[in-house]
There are 2 protein chains.
Amino acid sequence: MAPKMTTSSYAVLALLDLKPWTGYELTQQAQRSLRYAWPKSARLLYSEPKKLVERGYATTYKEQSGNRSRNVYEITSEGRIALEEWTETRTQPPRMELEALLRLLFADHGSIEDLYRALDELEADIGEHHQAIVDLMASYLDGGHPFPHRTHLSVLFATFQIDMFKTIERWIEFARDEIAEWETTKDLGMTARTETLTRLLANDQTPLSD
Amino acid sequence: MAPKMTTSSYAVLALLDLKPWTGYELTQQAQRSLRYAWPKSARLLYSEPKKLVERGYATTYKEQSGNRSRNVYEITSEGRIALEEWTETRTQPPRMELEALLRLLFADHGSIEDLYRALDELEADIGEHHQAIVDLMASYLDGGHPFPHRTHLSVLFATFQIDMFKTIERWIEFARDEIAEWETTKDLGMTARTETLTRLLANDQTPLSD
DNA sequence: TTGACTTTACTGCATCGTGCAGTATATGGT
DNA sequence: ACCATATACTGCACGATGCAGTAAAGTCAA
């Protein structure tokens, strides 16, 4: 039986359409460019191209360099057709895992310090990604895009990322100010501040975005 | 061997600390309240409380109603201690799967219509969640929170959600305007508009958030 | 030039998590 | 009385991850 095509399979196939890659290069490239839209483990990125070969969507050969070999994968014309067909299929709903937010929801099991720390860790992770994308944009102006004809897509994508990261960073600031008013994480319930905030939210407004 | 405690285990344990739940109720509650921070399948939500019982963090009994039985789970004092210890551990980095963004990145394999459709689908999914949270806030003002002493946490969490959803919706509008200027998805590269946008982003600004 | 450390370049395996099918009772409406 | 829908799960196949293990190539310093 031909292996099932998952979204990850199409992601790898789309990369192969840009140029042939080795398995290792695919793991690196997926870390750099796909991570923000479709974060997948290196292990999977090594397995996917093999499935594509089985399906006839890619071919492979071993490249020798000294005593060392690596697998190079190349897309086939069947693979290109499969990619085009993919664009017509239904998109999966978004899915966001934010453990820091889970810890906020259940912050009453720990101290205020624990909650601050969860926010700090979120801020550090987001800040790293944020900086990486800003640097990437500077490199597009400077050295250019590795696949120049695709710049319009990468930049529109980056707009999303930076927008999102800024929103999260602004919320973290707001959350810290809010928590600074608490002397405990527990049993505060509907305080005056929280009620004001709830009214705003019930009206589809937020203290930050409007 | 005692089963390993995952973040999902602690999420369920935290729910059990609010009140005893049946397996089915846990799946419903996780859909309603945890979904936005920690989306997990119903299947997992049925398995987790069993592991908690094995660990001694919960007890279980079968409740009979007629010819029908259901498993009720209750937290133990060991479970409460484990929860407190969890708040001191390191938070996992965020992880966002947005297939719509992946399709934007590789939009040059399909038509402009395909790309608009991916954006429409994202907008529909986000819009649904957005509305659900706004309604939830209205219900807090109206009937109140099911666990009133935790309102301050839920509302701060909701601020994050609504903020995020608004950001995504605004970006979708922007992306549509941008794409409206294209006659094709392919090979546009660094257009004048894209260059302006890249300069903005490289300066850590976006056309939306500032 | 030898040794230590990092990077490249993977594979196998155990385990985690998801989707789906299947089973069976209860409930509300026509 | 019948049908749809909600309740209340379990088993199983398979997808995805993490980690350990293997091994060659590059790099820098004593």
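Please read these numbers as outputs of a predicted model, since none were measured by experiment. Atoms considered below: every heavy atom in the structure, side chains included; atoms not considered: hydrogens, waters and symmetry mates.
B:Thr27 comes within contact range of no nucleotide atom at all, as no heavy-atom separation falls under 4.0 Å. Note on B:Ser47: nothing from the nucleic acid sits closer than 4.0 angstrom, heavy atoms only. Within the nucleic acid shown, A:Lys62 has no heavy atom closer than 4.0 Å to any nucleic acid atom.
The pair A:Glu48-A:Lys51 counts as a salt bridge, with a side-chain nitrogen and a carboxylate oxygen less than 4.0 angstrom apart.
When the side-chain nitrogen and oxygen atoms of A:Lys50 are compared with OP1 and OP2 of C:dC10, none of them lie within a distance under 4.0 Å. Here B:Arg70 does not reach the OP1 or OP2 of C:dA24: none of its side-chain N or O atoms lies under 4.0 Å away. When the side-chain nitrogen and oxygen atoms of B:Arg43 are compared with OP1 and OP2 of D:dA8, none of them lie within a distance under 4.0 Å. Residue B:Arg68 places no side-chain N or O under 4.0 Å from the OP1 or OP2 atom of C:dA26. In this structure, A:Asn71 reaches the C:dC10 phosphate: one of its side-chain N or O atoms is under 4.0 Å from OP1 or OP2. For B:Tyr24, no side-chain nitrogen or oxygen approaches OP1 or OP2 of D:dC9 to under 4.0 Å.
Between the axis at the start and the axis at the end of the helix from C:dT1-D:dA30 to C:dT30-D:dA1 there is an angle of 30°, using five pairs per end and rounding to 10 degrees.
Nearer the 5' end of DNA chain C, as judged by each residue's closest nucleotide, is the contact made by B:Lys4, out of A:Gln92 and B:Lys4.
Between A:Glu63 atom CD and C:dC10 atom P the separation is 10 Å, expressed in whole Å.
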